[in-house]
Amino acid sequence: MRVIRTENLRKTYRGGTQALRGLDLEVHYGEVFGFLGPNGAGKSTTIELLLNFIRPTTGTASLFGRPAADPQTRQRLGYLPESVNLHAYYSGRGVLEFYGGLLGVERADRRRRAEGLLERVGLRDAAGRKISQYSKGMLQRLGLAQALINDPELLILDEPTSNLDPVARRDFRDILLELKAAGTTVFICSHILSEVESVCDRVAILQQGELKRAGTLEELSGTAGATVTVKHLPAGAIEALSATEARLTVRGGESTIACDSQTVLEDVERLLEERGVEVERVETRMQSLEEIFFGAIDRERTP
Ligand code: ADP
């Protein structure tokens with residue numbers, strides 16, 4: 001069973017925009033899943049379908065093995081939208097107690113959970129203030145507390161750190177790691193690739209309604225480059241290397257050959273083997289999420 005599963009999910013809006021063109025997605029229990037893609041890729045549409053705010057044109061979306069339209073799924077998930085829109089006349093504490101009530105959290109538990117969450121997101125001192133006086137970052141943190149008020153099994157986050165300063169961003173990441181350690185499944189849409197890279201177990205990259213890549217970072221990451229070290233480099237090999245894109249440095253009794261891609265590395269390895277050159281070591285560098293992302297999307301199609 002999967003926490004989230006979509007099968008051949010399609011959404012065509014009135015006016016003809018094909019926001020999703022047959023999305024198959026699986027999110028496993030307990031993982032932090034990064035959902036990435038340039039603007040217009042269909043990320044918000046996917047979230048809105050999962051939350052049953054809108055209906056698919058065809059295909060299915062399910063949460064916890066039940067159709068997304070099943071109201072019972074709502075009590076098991078928490079959602080933090082990109083722009084947090086809460087009733088301005090409430091205090092931070094009041095918002096949490098109100099939403100706790102809506103989501104069926106027992107009255108006795110509500111106050112205790114609200115206090116715990118306000119502390120956790122760094123809003124304890126502002127808990128009694130009206131949220132009309134909160135900054136964007138404070139609202140975002142309150143939104144996270146609100147999304148956690150029912151102790152959800154699945155947390156859906158849409159651009160959660162866009163309004164946060166670096167300190168709050170780090171705190172936010174720590175909270176995510178705590179949730180992950182406690183077994184909560186997190187589905188996170190973000191443009192901040194370094195952040196996704198540091199917390200996510202798996203990622204999916206979407207473009208114009210189509211899934212481009214999905215998997216763990218190890219699965220998706222190819223070799224970004226490598227440095228080959230050799231001891232004795234015959235003159236013929238030096239000449240042959242100068243015709244490739246590799247960069248040769250001779251230092252002391254050692255030569256290093258820097259290769260900026262897998263293809264260049266393969267050329268160099270072939271060339272050295274043909275000349276019987278003994279390779280001392282090869283140090284490879286794996287692609288970062290940013291390199292995976294740009295390798296996956298077609299930039300011509302980015303609006
Ligand atoms: P993302 O969240 O990845 O930026 P969206 O899901 O918001 O992408 O949008 C996907 C595509 O669907 C875009 O081309 C967008 O303009 C279009 N779209 C989104 N919502 C609507 C809507 N309510 N009506 C018509 N087109 C929409």
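Atoms within a ligand are numbered from 1 in the order they appear, just like the ligands themselves.
Considering only heavy atoms from C-beta on, K11 stays 4.5 Å or farther from Q18 through its side chain. Residues L179 and L155 form a side-chain contact, since some pair of their non-hydrogen atoms from C-beta on lies under 4.5 Å apart.
Relative ring orientation between F187 and F33 is described as parallel, the plane-to-plane angle staying below 30° on a 0-90° scale split at 30° and 60°.
Applying the 6.0 Å contact sphere to CD of E245 captures no more than 12 heavy atoms from other residues, nucleotides or ligands.
The main-chain N or O of L289 is found under 3.5 Å from a side-chain atom of E197 such that the two form a donor-acceptor pair.
In this structure, ligand 1 sits under 4.0 Å from heavy atoms belonging to Y13, T17, A19, P38, N39, G40, A41, G42, K43, S44, T45.
Alongside V250, the hydrophobic cluster contains V228, V230, L233, I238, L241, L248, I257, V264, L265, V268, L271, L272, V277, V279, V282 (criterion: ILVMFWY side chains under 4.5 Å).
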